[in-house]
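Just below is one structure, and these are the notes that go with it.
Reminder, nothing fancy here: chain letters follow the sequence lines and each chain counts from 1. Quantities reported herein were computed from a predicted structural model and do not represent experimental measurements.
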Amino acid sequence: MSYYPILKAPGVQGWTTLCNFAPNNWETTRCPTQLMNVTWPSADGWMTKNLGVLAPNAMRTITSNEVADVVPAEAVALLSLTISAPPSQSETLPELDTFRTMVPAWRATLGLSSEVAQASYQGEIDPFPPQGTLLTFGPFMQFGASIENFLILLNIEGSPKRRQSEVEVYNADGMTLMGRFEVRNNAANVIPLDGLGFGVGDLPAFICRGLTGIPLYFSRTTDGAHMSLEHTHPPGSLVVHGRRWEAQKMLKNVWFKRVASCR
Amino acid sequence: MQVSHLERIRRALWTLGQPLTRVPATPGMPVSDLFVWRHSNEWQTSFELIDIPGLFAEGGAGGGRCATIYCFDRSGRCFLQKRFELLPNRRHTVEMAGLVGRDHGEVGTFAVFHSETPAAVTAVGSYLAERGYVSYRYRNAPLRAYVHGNLDAISLGSDAQIELLGARGLFPREYRLQHEMKGVALYELGLVNPTSAEQRCAFQLVSTQTGKILEIQNVDLEPRGAVLIPYQIDESESARVIIKSKLVMARPLVFRIQDNKLGVFHG
(Lines give C-alpha, C1' and ligand atoms only; values in the text may rest on other atoms or scores of the structure.)
Protein backbone atom coordinates (compact mmCIF):
# COMPACT_ATOMS: atom_id res chain seq x y z
CA MET A 1 0.00 0.00 0.00
CA SER A 2 2.80 2.36 -0.82
CA TYR A 3 2.51 6.12 -0.77
CA TYR A 4 4.66 8.53 -2.75
CA PRO A 5 5.69 11.61 -0.77
CA ILE A 6 6.48 15.01 -2.20
CA LEU A 7 9.89 15.85 -0.77
CA LYS A 8 10.91 19.13 0.84
CA ALA A 9 14.30 20.77 1.22
CA PRO A 10 15.57 24.33 1.54
CA GLY A 11 15.73 26.38 -1.64
CA VAL A 12 14.21 23.78 -3.94
CA GLN A 13 10.79 22.55 -4.99
CA GLY A 14 9.61 19.00 -4.44
CA TRP A 15 7.79 16.99 -7.06
CA THR A 16 6.68 13.43 -7.62
CA THR A 17 5.90 11.65 -10.87
CA LEU A 18 3.25 8.94 -10.60
CA CYS A 19 3.23 6.08 -13.11
CA ASN A 20 0.12 4.10 -13.97
CA PHE A 21 1.85 1.05 -15.35
CA ALA A 22 3.45 -1.85 -13.54
CA PRO A 23 7.25 -2.05 -13.35
CA ASN A 24 7.16 -5.49 -14.96
CA ASN A 25 4.87 -7.57 -17.16
CA TRP A 26 4.45 -10.59 -14.93
CA GLU A 27 3.40 -9.62 -11.40
CA THR A 28 0.23 -7.94 -12.56
CA THR A 29 -1.32 -7.67 -15.99
CA ARG A 30 -4.14 -5.26 -15.17
CA CYS A 31 -3.75 -1.58 -15.82
CA PRO A 32 -7.04 0.31 -15.35
CA THR A 33 -7.45 4.05 -14.96
CA GLN A 34 -6.55 4.92 -11.36
CA LEU A 35 -7.39 7.74 -9.01
CA MET A 36 -4.65 10.15 -7.96
CA ASN A 37 -4.93 11.19 -4.32
CA VAL A 38 -3.09 13.32 -1.83
CA THR A 39 -3.17 12.41 1.87
CA TRP A 40 -1.82 14.44 4.78
CA PRO A 41 -1.91 14.37 8.58
CA SER A 42 -3.99 16.87 10.51
CA ALA A 43 -5.40 17.33 14.00
CA ASP A 44 -8.63 15.77 12.70
CA GLY A 45 -6.95 12.64 11.36
CA TRP A 46 -5.58 11.68 7.97
CA MET A 47 -7.18 13.80 5.28
CA THR A 48 -7.38 12.72 1.63
CA LYS A 49 -8.36 14.64 -1.47
CA ASN A 50 -8.75 13.37 -4.99
CA LEU A 51 -6.49 15.01 -7.59
CA GLY A 52 -8.04 13.49 -10.69
CA VAL A 53 -7.45 10.31 -12.62
CA LEU A 54 -4.46 8.82 -14.37
CA ALA A 55 -5.07 6.91 -17.58
CA PRO A 56 -3.47 3.52 -18.23
CA ASN A 57 0.23 3.82 -19.14
CA ALA A 58 0.23 7.53 -18.28
CA MET A 59 2.56 9.46 -16.01
CA ARG A 60 1.84 12.68 -14.16
CA THR A 61 4.13 14.98 -12.22
CA ILE A 62 2.65 16.74 -9.20
CA THR A 63 4.63 19.52 -7.55
CA SER A 64 4.49 20.85 -4.00
CA ASN A 65 3.04 24.09 -5.42
CA GLU A 66 0.12 22.20 -6.94
CA VAL A 67 -0.99 20.86 -3.56
CA ALA A 68 -0.07 23.96 -1.55
CA ASP A 69 -3.72 25.07 -1.42
CA VAL A 70 -4.77 21.71 -0.01
CA VAL A 71 -1.91 20.47 2.16
CA PRO A 72 -0.70 22.73 5.01
CA ALA A 73 2.89 23.85 4.57
CA GLU A 74 4.17 21.95 7.61
CA ALA A 75 2.50 18.65 6.63
CA VAL A 76 3.96 15.97 4.43
CA ALA A 77 1.99 15.41 1.21
CA LEU A 78 1.55 11.73 0.37
CA LEU A 79 0.43 10.89 -3.14
CA SER A 80 -1.18 7.62 -4.07
CA LEU A 81 -2.76 5.75 -6.96
CA THR A 82 -5.87 3.76 -6.17
CA ILE A 83 -8.65 1.86 -7.88
CA SER A 84 -11.30 3.01 -5.38
CA ALA A 85 -11.31 6.27 -3.43
CA PRO A 86 -9.73 6.29 0.05
CA PRO A 87 -11.85 7.87 2.81
CA SER A 88 -11.62 11.65 2.89
CA GLN A 89 -10.98 11.52 6.64
CA SER A 90 -9.58 8.61 8.61
CA GLU A 91 -8.20 7.89 12.08
CA THR A 92 -5.49 5.68 10.61
CA LEU A 93 -3.53 6.02 7.40
CA PRO A 94 -5.85 4.54 4.76
CA GLU A 95 -5.11 1.10 3.37
CA LEU A 96 -4.90 1.64 -0.36
CA ASP A 97 -6.90 -0.33 -2.89
CA THR A 98 -4.18 -0.58 -5.50
CA PHE A 99 -1.71 -2.85 -7.22
CA ARG A 100 1.47 -4.00 -5.57
CA THR A 101 4.59 -5.52 -7.05
CA MET A 102 7.76 -6.80 -5.45
CA VAL A 103 10.37 -7.24 -8.20
CA PRO A 104 10.75 -4.32 -8.11
CA ALA A 105 8.31 -2.44 -5.89
CA TRP A 106 5.88 -0.15 -7.72
CA ARG A 107 7.62 3.20 -7.48
CA ALA A 108 7.37 6.84 -8.39
CA THR A 109 10.08 9.36 -9.18
CA LEU A 110 10.65 11.57 -6.14
CA GLY A 111 12.55 14.71 -7.00
CA LEU A 112 13.81 18.10 -5.96
CA SER A 113 14.34 20.93 -8.44
CA SER A 114 16.00 24.31 -8.46
CA GLU A 115 15.58 26.77 -11.31
CA VAL A 116 18.35 25.07 -13.27
CA ALA A 117 18.84 21.51 -12.02
CA GLN A 118 17.12 18.52 -10.52
CA ALA A 119 17.88 15.38 -8.55
CA SER A 120 15.61 12.41 -8.01
CA TYR A 121 15.37 8.79 -6.95
CA GLN A 122 12.86 6.02 -7.50
CA GLY A 123 10.99 5.56 -4.26
CA GLU A 124 7.93 4.84 -2.20
CA ILE A 125 7.10 4.80 1.49
CA ASP A 126 5.05 2.54 3.71
CA PRO A 127 4.07 3.36 7.29
CA PHE A 128 6.71 2.58 9.91
CA PRO A 129 5.90 1.01 13.28
CA PRO A 130 5.94 3.68 16.02
CA GLN A 131 8.32 1.58 18.13
CA GLY A 132 10.94 1.61 15.34
CA THR A 133 14.44 2.97 15.86
CA LEU A 134 16.96 4.40 13.42
CA LEU A 135 20.62 3.58 12.92
CA THR A 136 22.34 4.50 9.71
CA PHE A 137 25.76 5.57 8.47
CA GLY A 138 25.89 8.36 5.92
CA PRO A 139 29.09 8.81 3.89
CA PHE A 140 27.47 11.31 1.52
CA MET A 141 28.67 14.65 2.85
CA GLN A 142 30.51 16.75 0.28
CA PHE A 143 32.77 19.63 1.07
CA GLY A 144 33.47 22.96 -0.56
CA ALA A 145 32.84 26.65 -0.06
CA SER A 146 29.56 26.62 -1.97
CA ILE A 147 28.21 23.20 -0.99
CA GLU A 148 25.39 22.50 1.46
CA ASN A 149 24.44 19.11 2.91
CA PHE A 150 21.16 18.05 4.52
CA LEU A 151 19.68 14.91 6.01
CA ILE A 152 15.99 14.53 5.22
CA LEU A 153 14.42 12.00 7.58
CA LEU A 154 11.18 10.88 6.03
CA ASN A 155 8.69 9.21 8.35
CA ILE A 156 5.06 8.19 8.13
CA GLU A 157 3.10 6.16 10.64
CA GLY A 158 -0.41 4.77 10.82
CA SER A 159 -1.52 7.29 13.40
CA PRO A 160 -1.83 10.97 12.50
CA LYS A 161 -1.12 11.94 16.11
CA ARG A 162 1.88 14.18 16.25
CA ARG A 163 4.84 13.06 18.31
CA GLN A 164 8.47 14.02 18.53
CA SER A 165 11.80 12.42 19.04
CA GLU A 166 15.45 13.30 18.67
CA VAL A 167 18.10 12.40 16.10
CA GLU A 168 21.60 12.19 17.52
CA VAL A 169 24.44 12.70 15.06
CA TYR A 170 27.77 11.10 15.95
CA ASN A 171 31.19 10.87 14.45
CA ALA A 172 31.43 7.08 14.28
CA ASP A 173 35.13 7.26 15.02
CA GLY A 174 35.23 7.88 18.75
CA MET A 175 31.47 8.31 19.08
CA THR A 176 31.69 12.05 19.49
CA LEU A 177 28.26 13.64 19.64
CA MET A 178 28.18 16.24 16.88
CA GLY A 179 24.58 17.39 17.18
CA ARG A 180 21.02 16.69 18.32
CA PHE A 181 17.94 17.56 16.30
CA GLU A 182 14.27 17.37 17.11
CA VAL A 183 12.28 15.37 14.59
CA ARG A 184 8.64 14.42 14.35
CA ASN A 185 6.59 11.66 12.84
CA ASN A 186 4.62 12.02 9.61
CA ALA A 187 7.07 14.56 8.27
CA ALA A 188 10.06 15.20 6.05
CA ASN A 189 12.46 16.42 8.74
CA VAL A 190 15.30 18.51 7.31
CA ILE A 191 18.56 18.51 9.29
CA PRO A 192 21.45 20.73 8.15
CA LEU A 193 24.74 18.84 8.37
CA ASP A 194 27.20 21.63 7.66
CA GLY A 195 28.76 23.29 10.65
CA LEU A 196 28.62 20.16 12.82
CA GLY A 197 32.35 19.71 12.48
CA PHE A 198 32.55 16.77 10.10
CA GLY A 199 35.54 16.58 7.81
CA VAL A 200 36.60 14.53 4.81
CA GLY A 201 37.04 10.95 6.01
CA ASP A 202 34.60 11.22 8.90
CA LEU A 203 31.73 8.76 8.95
CA PRO A 204 28.53 10.27 10.40
CA ALA A 205 26.30 7.88 12.36
CA PHE A 206 22.67 8.82 12.84
CA ILE A 207 20.69 7.38 15.73
CA CYS A 208 17.07 7.93 16.71
CA ARG A 209 15.48 5.86 19.45
CA GLY A 210 11.98 7.30 19.17
CA LEU A 211 11.12 6.80 15.53
CA THR A 212 12.54 5.56 12.28
CA GLY A 213 12.28 6.53 8.65
CA ILE A 214 14.04 6.80 5.33
CA PRO A 215 17.30 8.77 5.70
CA LEU A 216 17.77 10.85 2.55
CA TYR A 217 20.88 12.89 1.90
CA PHE A 218 20.57 16.01 -0.16
CA SER A 219 23.60 18.02 -1.24
CA ARG A 220 23.56 21.06 -3.45
CA THR A 221 25.66 23.95 -4.56
CA THR A 222 24.29 27.19 -3.13
CA ASP A 223 23.41 28.46 -6.61
CA GLY A 224 21.27 25.38 -7.18
CA ALA A 225 23.27 24.40 -10.24
CA HIS A 226 24.23 20.94 -8.97
CA MET A 227 22.41 18.54 -6.67
CA SER A 228 22.69 15.02 -5.29
CA LEU A 229 19.90 13.03 -3.65
CA GLU A 230 20.11 9.47 -2.36
CA HIS A 231 19.21 7.45 0.71
CA THR A 232 21.34 5.14 2.79
CA HIS A 233 20.53 1.53 3.53
CA PRO A 234 19.04 0.31 6.79
CA PRO A 235 21.50 -1.84 8.77
CA GLY A 236 19.69 -4.96 7.64
CA SER A 237 20.93 -4.34 4.10
CA LEU A 238 24.52 -4.85 5.19
CA VAL A 239 23.81 -8.57 5.09
CA VAL A 240 21.77 -10.80 2.78
CA HIS A 241 19.92 -14.10 3.23
CA GLY A 242 19.45 -15.95 6.51
CA ARG A 243 17.89 -14.22 9.50
CA ARG A 244 19.06 -10.79 8.49
CA TRP A 245 16.64 -9.05 10.84
CA GLU A 246 18.60 -10.62 13.70
CA ALA A 247 21.80 -9.19 12.27
CA GLN A 248 20.14 -5.78 12.11
CA LYS A 249 18.98 -6.07 15.71
CA MET A 250 22.48 -7.09 16.76
CA LEU A 251 24.08 -4.16 14.96
CA LYS A 252 21.68 -1.72 16.57
CA ASN A 253 22.43 -3.21 20.00
CA VAL A 254 26.17 -2.78 19.40
CA TRP A 255 25.81 0.87 18.45
CA PHE A 256 23.22 1.81 21.04
CA LYS A 257 25.57 0.32 23.67
CA ARG A 258 28.49 2.29 22.25
CA VAL A 259 26.46 5.46 22.54
CA ALA A 260 25.42 4.64 26.12
CA SER A 261 29.03 3.95 27.14
CA CYS A 262 30.13 7.33 25.76
CA ARG A 263 27.61 9.33 27.78
CA MET B 1 -5.74 -5.35 -3.37
CA GLN B 2 -6.35 -9.09 -3.06
CA VAL B 3 -4.56 -11.33 -5.54
CA SER B 4 -6.83 -13.99 -7.02
CA HIS B 5 -6.04 -17.72 -7.00
CA LEU B 6 -5.61 -17.72 -10.79
CA GLU B 7 -3.28 -14.74 -10.54
CA ARG B 8 -1.14 -16.60 -8.00
CA ILE B 9 -0.87 -19.58 -10.36
CA ARG B 10 0.05 -17.31 -13.24
CA ARG B 11 2.72 -15.61 -11.15
CA ALA B 12 4.15 -18.97 -10.12
CA LEU B 13 5.13 -19.59 -13.75
CA TRP B 14 7.42 -16.58 -13.44
CA THR B 15 8.81 -17.27 -10.02
CA LEU B 16 9.17 -21.02 -9.36
CA GLY B 17 12.85 -21.88 -9.52
CA GLN B 18 13.60 -18.35 -10.70
CA PRO B 19 14.81 -16.39 -7.66
CA LEU B 20 16.07 -12.85 -8.06
CA THR B 21 19.47 -13.91 -6.77
CA ARG B 22 20.99 -17.17 -5.57
CA VAL B 23 22.50 -17.94 -2.19
CA PRO B 24 26.32 -18.17 -2.39
CA ALA B 25 27.60 -21.72 -2.51
CA THR B 26 30.04 -21.23 0.35
CA PRO B 27 28.81 -20.04 3.78
CA GLY B 28 30.57 -17.03 5.19
CA MET B 29 31.89 -15.71 1.89
CA PRO B 30 31.43 -12.03 1.06
CA VAL B 31 28.84 -10.74 -1.38
CA SER B 32 28.94 -7.57 -3.45
CA ASP B 33 26.86 -5.60 -5.87
CA LEU B 34 28.23 -5.28 -9.38
CA PHE B 35 28.80 -1.53 -9.49
CA VAL B 36 29.32 0.52 -12.65
CA TRP B 37 32.48 2.56 -13.13
CA ARG B 38 32.88 5.28 -15.73
CA HIS B 39 36.18 6.85 -16.53
CA SER B 40 36.99 9.36 -19.26
CA ASN B 41 37.86 13.01 -19.64
CA GLU B 42 34.26 13.77 -18.68
CA TRP B 43 33.52 11.11 -16.07
CA GLN B 44 34.98 10.25 -12.70
CA THR B 45 33.71 7.52 -10.38
CA SER B 46 34.25 7.17 -6.63
CA PHE B 47 33.33 4.49 -4.12
CA GLU B 48 32.76 5.02 -0.40
CA LEU B 49 34.72 2.22 1.27
CA ILE B 50 33.62 1.54 4.84
CA ASP B 51 34.78 -1.13 7.28
CA ILE B 52 31.44 -2.95 7.37
CA PRO B 53 32.67 -5.96 9.42
CA GLY B 54 34.04 -3.52 11.99
CA LEU B 55 30.59 -2.01 12.49
CA PHE B 56 29.52 -5.30 14.07
CA ALA B 57 32.44 -5.42 16.54
CA GLU B 58 31.39 -5.41 20.17
CA GLY B 59 33.34 -2.89 22.18
CA GLY B 60 34.50 -0.89 19.17
CA ALA B 61 36.23 -1.83 15.96
CA GLY B 62 39.88 -2.73 15.96
CA GLY B 63 41.97 -2.55 12.80
CA GLY B 64 43.47 -5.14 10.51
CA ARG B 65 40.59 -5.78 8.15
CA CYS B 66 40.85 -5.46 4.38
CA ALA B 67 38.67 -5.31 1.32
CA THR B 68 39.57 -6.15 -2.25
CA ILE B 69 38.14 -4.32 -5.21
CA TYR B 70 37.83 -6.42 -8.38
CA CYS B 71 37.60 -4.39 -11.60
CA PHE B 72 36.04 -5.75 -14.79
CA ASP B 73 35.93 -4.23 -18.26
CA ARG B 74 32.69 -3.86 -20.21
CA SER B 75 33.04 -7.46 -21.42
CA GLY B 76 33.36 -8.75 -17.88
CA ARG B 77 37.08 -9.54 -17.98
CA CYS B 78 38.75 -9.01 -14.64
CA PHE B 79 41.77 -6.79 -15.11
CA LEU B 80 42.59 -5.74 -11.56
CA GLN B 81 42.36 -6.87 -7.95
CA LYS B 82 43.38 -4.18 -5.49
CA ARG B 83 43.51 -4.71 -1.74
CA PHE B 84 42.73 -1.87 0.67
CA GLU B 85 43.27 -1.72 4.40
CA LEU B 86 40.03 -0.60 5.99
CA LEU B 87 39.83 2.37 8.30
CA PRO B 88 37.57 1.49 11.25
CA ASN B 89 34.59 3.82 11.60
CA ARG B 90 35.87 6.10 8.84
CA ARG B 91 34.99 6.60 5.20
CA HIS B 92 37.59 6.15 2.50
CA THR B 93 36.55 7.64 -0.80
CA VAL B 94 38.26 5.48 -3.42
CA GLU B 95 38.82 7.24 -6.73
CA MET B 96 38.22 4.57 -9.33
CA ALA B 97 40.31 6.44 -11.91
CA GLY B 98 43.42 5.33 -10.06
CA LEU B 99 42.36 1.70 -10.42
CA VAL B 100 40.89 1.41 -13.89
CA GLY B 101 43.44 3.58 -15.74
CA ARG B 102 43.13 4.41 -19.41
CA ASP B 103 43.54 0.99 -21.00
CA HIS B 104 40.25 -0.68 -20.18
CA GLY B 105 37.65 1.47 -21.89
CA GLU B 106 35.32 4.08 -20.46
CA VAL B 107 32.84 1.85 -18.65
CA GLY B 108 32.92 -1.41 -16.74
CA THR B 109 31.95 -2.95 -13.45
CA PHE B 110 33.54 -3.53 -10.08
CA ALA B 111 32.88 -5.53 -6.94
CA VAL B 112 34.05 -5.00 -3.37
CA PHE B 113 34.76 -8.04 -1.20
CA HIS B 114 35.44 -7.70 2.50
CA SER B 115 38.06 -10.04 3.91
CA GLU B 116 36.13 -10.89 7.03
CA THR B 117 32.58 -11.82 7.87
CA PRO B 118 31.63 -11.31 11.52
CA ALA B 119 30.87 -14.60 13.27
CA ALA B 120 27.56 -13.15 14.40
CA VAL B 121 26.51 -12.67 10.76
CA THR B 122 27.43 -16.23 9.80
CA ALA B 123 25.66 -17.51 12.92
CA VAL B 124 22.30 -16.25 11.64
CA GLY B 125 22.88 -17.79 8.21
CA SER B 126 23.56 -14.46 6.54
CA TYR B 127 26.31 -13.15 4.27
CA LEU B 128 28.07 -9.82 4.54
CA ALA B 129 27.02 -7.70 1.57
CA GLU B 130 28.65 -4.64 0.04
CA ARG B 131 25.79 -2.69 -1.56
CA GLY B 132 27.27 0.64 -0.82
CA TYR B 133 27.60 3.97 -2.36
CA VAL B 134 29.04 5.09 -5.68
CA SER B 135 29.32 8.68 -6.83
CA TYR B 136 29.87 10.14 -10.26
CA ARG B 137 31.34 13.47 -11.22
CA TYR B 138 30.60 14.89 -14.68
CA ARG B 139 32.81 17.47 -16.38
CA ASN B 140 34.58 18.47 -13.17
CA ALA B 141 31.38 19.67 -11.53
CA PRO B 142 31.82 20.87 -7.93
CA LEU B 143 29.40 18.20 -6.71
CA ARG B 144 29.31 14.45 -7.16
CA ALA B 145 25.99 12.62 -7.60
CA TYR B 146 25.50 9.60 -5.34
CA VAL B 147 23.66 6.35 -5.95
CA HIS B 148 23.46 3.24 -3.82
CA GLY B 149 23.92 -0.36 -4.81
CA ASN B 150 20.99 -2.69 -4.37
CA LEU B 151 21.76 -6.13 -5.77
CA ASP B 152 23.62 -9.06 -4.24
CA ALA B 153 25.16 -9.89 -7.58
CA ILE B 154 28.48 -11.56 -7.03
CA SER B 155 30.36 -13.56 -4.40
CA LEU B 156 33.69 -15.20 -3.84
CA GLY B 157 33.97 -18.96 -3.50
CA SER B 158 36.20 -20.57 -0.89
CA ASP B 159 38.94 -20.86 -3.54
CA ALA B 160 38.58 -17.13 -4.28
CA GLN B 161 36.79 -17.92 -7.56
CA ILE B 162 34.12 -15.46 -8.58
CA GLU B 163 30.55 -16.69 -8.33
CA LEU B 164 27.78 -14.76 -10.04
CA LEU B 165 24.53 -14.81 -8.10
CA GLY B 166 22.10 -13.22 -10.54
CA ALA B 167 19.39 -15.46 -11.90
CA ARG B 168 17.62 -15.61 -15.22
CA GLY B 169 14.04 -16.58 -15.86
CA LEU B 170 12.57 -19.24 -18.09
CA PHE B 171 10.84 -16.66 -20.27
CA PRO B 172 11.81 -13.22 -21.52
CA ARG B 173 10.30 -10.59 -19.26
CA GLU B 174 9.97 -6.84 -19.20
CA TYR B 175 11.46 -4.33 -16.81
CA ARG B 176 9.45 -1.14 -17.23
CA LEU B 177 11.30 1.85 -15.89
CA GLN B 178 8.79 3.94 -13.90
CA HIS B 179 10.37 7.23 -14.85
CA GLU B 180 9.33 9.87 -17.33
CA MET B 181 12.25 10.82 -19.57
CA LYS B 182 11.74 14.45 -20.51
CA GLY B 183 13.77 16.79 -22.66
CA VAL B 184 15.94 18.49 -23.28
CA ALA B 185 18.22 15.92 -21.65
CA LEU B 186 20.64 13.15 -22.42
CA TYR B 187 19.84 9.91 -20.65
CA GLU B 188 22.28 7.04 -20.44
CA LEU B 189 20.98 3.76 -19.08
CA GLY B 190 23.56 1.42 -17.58
CA LEU B 191 22.86 -2.29 -17.19
CA VAL B 192 25.08 -5.05 -15.79
CA ASN B 193 24.87 -8.80 -16.22
CA PRO B 194 25.01 -10.58 -12.84
CA THR B 195 24.41 -14.02 -14.35
CA SER B 196 26.93 -16.58 -15.57
CA ALA B 197 25.58 -16.60 -19.14
CA GLU B 198 25.51 -14.00 -21.88
CA GLN B 199 22.21 -12.12 -21.91
CA ARG B 200 20.46 -10.50 -24.84
CA CYS B 201 18.65 -7.36 -23.78
CA ALA B 202 16.29 -5.28 -25.90
CA PHE B 203 15.94 -1.64 -24.90
CA GLN B 204 12.67 -0.17 -26.17
CA LEU B 205 12.10 3.57 -26.09
CA VAL B 206 8.35 4.22 -25.95
CA SER B 207 6.66 7.56 -26.57
CA THR B 208 4.54 8.59 -23.60
CA GLN B 209 2.28 10.67 -25.84
CA THR B 210 1.50 8.06 -28.49
CA GLY B 211 2.48 4.77 -26.87
CA LYS B 212 4.48 3.92 -29.99
CA ILE B 213 7.90 2.30 -29.84
CA LEU B 214 10.36 4.94 -31.04
CA GLU B 215 13.41 2.71 -31.24
CA ILE B 216 14.75 -0.68 -30.19
CA GLN B 217 18.37 -1.39 -29.38
CA ASN B 218 19.51 -4.98 -28.88
CA VAL B 219 22.65 -5.64 -26.89
CA ASP B 220 24.44 -8.80 -25.82
CA LEU B 221 25.76 -8.51 -22.31
CA GLU B 222 28.63 -10.70 -21.13
CA PRO B 223 28.70 -12.03 -17.55
CA ARG B 224 30.00 -9.28 -15.23
CA GLY B 225 29.85 -6.90 -18.18
CA ALA B 226 28.12 -3.56 -18.51
CA VAL B 227 26.48 -1.55 -21.25
CA LEU B 228 25.42 2.08 -21.55
CA ILE B 229 22.50 2.96 -23.81
CA PRO B 230 22.19 6.67 -24.66
CA TYR B 231 18.93 8.50 -25.38
CA GLN B 232 18.78 12.11 -26.43
CA ILE B 233 15.33 13.36 -25.43
CA ASP B 234 14.32 16.55 -27.20
CA GLU B 235 12.26 19.45 -25.94
CA SER B 236 8.57 18.61 -25.55
CA GLU B 237 9.39 14.91 -25.92
CA SER B 238 8.33 12.47 -23.21
CA ALA B 239 9.29 8.83 -23.23
CA ARG B 240 9.88 5.77 -21.12
CA VAL B 241 12.00 2.66 -21.45
CA ILE B 242 11.17 -1.03 -21.36
CA ILE B 243 14.00 -3.56 -21.11
CA LYS B 244 13.22 -7.06 -22.37
CA SER B 245 15.51 -9.88 -21.31
CA LYS B 246 15.64 -13.09 -19.35
CA LEU B 247 17.14 -11.28 -16.38
CA VAL B 248 14.73 -11.60 -13.46
CA MET B 249 15.16 -7.90 -12.78
CA ALA B 250 16.95 -5.84 -15.44
CA ARG B 251 17.07 -2.75 -13.25
CA PRO B 252 19.11 -0.04 -14.96
CA LEU B 253 21.27 2.69 -13.55
CA VAL B 254 20.04 5.97 -15.02
CA PHE B 255 22.29 8.92 -15.78
CA ARG B 256 20.48 12.13 -16.67
CA ILE B 257 22.43 15.06 -18.06
CA GLN B 258 20.79 18.41 -18.63
CA ASP B 259 22.87 21.50 -19.40
CA ASN B 260 25.99 19.67 -18.15
CA LYS B 261 24.29 18.90 -14.84
CA LEU B 262 24.21 15.29 -13.74
CA GLY B 263 21.57 13.29 -11.96
CA VAL B 264 21.90 9.57 -11.31
CA PHE B 265 19.54 7.00 -9.81
CA HIS B 266 18.62 3.34 -9.89
CA GLY B 267 15.52 2.21 -11.72
[X] portion near chain B, given a 4.5 angstrom heavy-atom threshold:
{"X": "A:Y217", "answer": "neither"}
{"X": "A:I147", "answer": "side chain"}
{"X": "A:M102", "answer": "neither"}
{"X": "A:A105", "answer": "backbone"}
{"X": "A:A22", "answer": "both"}
{"X": "A:W245", "answer": "neither"}
{"X": "A:A225", "answer": "both"}
{"X": "A:S84", "answer": "neither"}
{"X": "A:L229", "answer": "backbone"}
{"X": "A:T82", "answer": "neither"}
{"X": "A:T221", "answer": "both"}
{"X": "A:S146", "answer": "neither"}
{"X": "A:V116", "answer": "both"}

So which part of [X] gets closer than 4.5 Å to some heavy atom of chain A, the side chain, the backbone, both or neither?
{"X": "B:A250", "value": "neither"}
{"X": "B:Q178", "value": "both"}
{"X": "B:H92", "value": "neither"}
{"X": "B:V206", "value": "neither"}
{"X": "B:K244", "value": "neither"}
{"X": "B:R131", "value": "both"}
{"X": "B:S135", "value": "neither"}
{"X": "B:I52", "value": "side chain"}
{"X": "B:L87", "value": "neither"}

Pairs of heavy atoms under 4.5 Å with chain A: top-ranked of [options]:
{"options": "B:Y175, B:W14, B:F171, B:F265", "result": "B:W14"}
{"options": "B:A129, B:P142, B:A141", "result": "B:A129"}
{"options": "B:V31, B:L20, B:V147, B:T208", "result": "B:V147"}
{"options": "B:K261, B:R251, B:E48", "result": "B:K261"}
{"options": "B:G267, B:G211, B:G263", "result": "B:G267"}
{"options": "B:I50, B:L143, B:D152", "result": "B:L143"}

Examine distances only and state if a side-chain atom of [X] and a backbone atom of [Y] form a donor-acceptor pair shorter than 3.5 Å.
{"X": "A:Q142", "Y": "B:R144", "answer": "yes"}
{"X": "B:E180", "Y": "A:R60", "answer": "no"}
{"X": "A:N25", "Y": "B:E174", "answer": "yes"}
{"X": "B:R10", "Y": "A:W26", "answer": "yes"}

Could A:D202 and B:R91 be called an ion pair, given the rule that one side-chain N must be under 4.0 Å from one carboxylate O?
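Salt bridge: no.
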
Above 12 or not: heavy atoms from other molecules or residues under 6.0 Å from NZ of A:K252?
yes

Within 6.0 angstrom of B:E42 CD, more than 12 heavy atoms from elsewhere
yes

Do the rings of A:H233 and B:Y133 sit parallel, tilted or perpendicular, given the 30° and 60° boundaries?
parallel

Determine whether A:F140 and B:Y146 satisfy the following criterion, ring pair (Phe, Tyr, Trp, His ring centres under 6.0 Å), listing intermediate values before the conclusion.
CA-CA 7 Å; A:F140 288 169; B:Y146 276 90; 4.6 Å; yes

With chain B, which of A:Q118, A:M227, A:E246, A:Q122 has the greatest number of heavy-atom pairs at distances under 4.5 Å?
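Most heavy-atom pairs within the cutoff with chain B belong to A:Q122.
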
B:R240 charged N/C atom sitting above A:F21 aromatic ring, 6.0 Å / 45°
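Yes, cation above the ring, under 6.0 Å and within 45°.
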
To the nearest 0.5 Å, how far apart are CG in A:N24 and CD1 in B:I242?
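Output value for this atom pair is 11.0 Å.
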
Using distance alone, with no hydrogens and no angle criterion, decide if B:S126 and A:H241 have a side-chain donor and acceptor under 3.5 Å apart.
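Side-chain D/A pair, B:S126 to A:H241: absent.
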
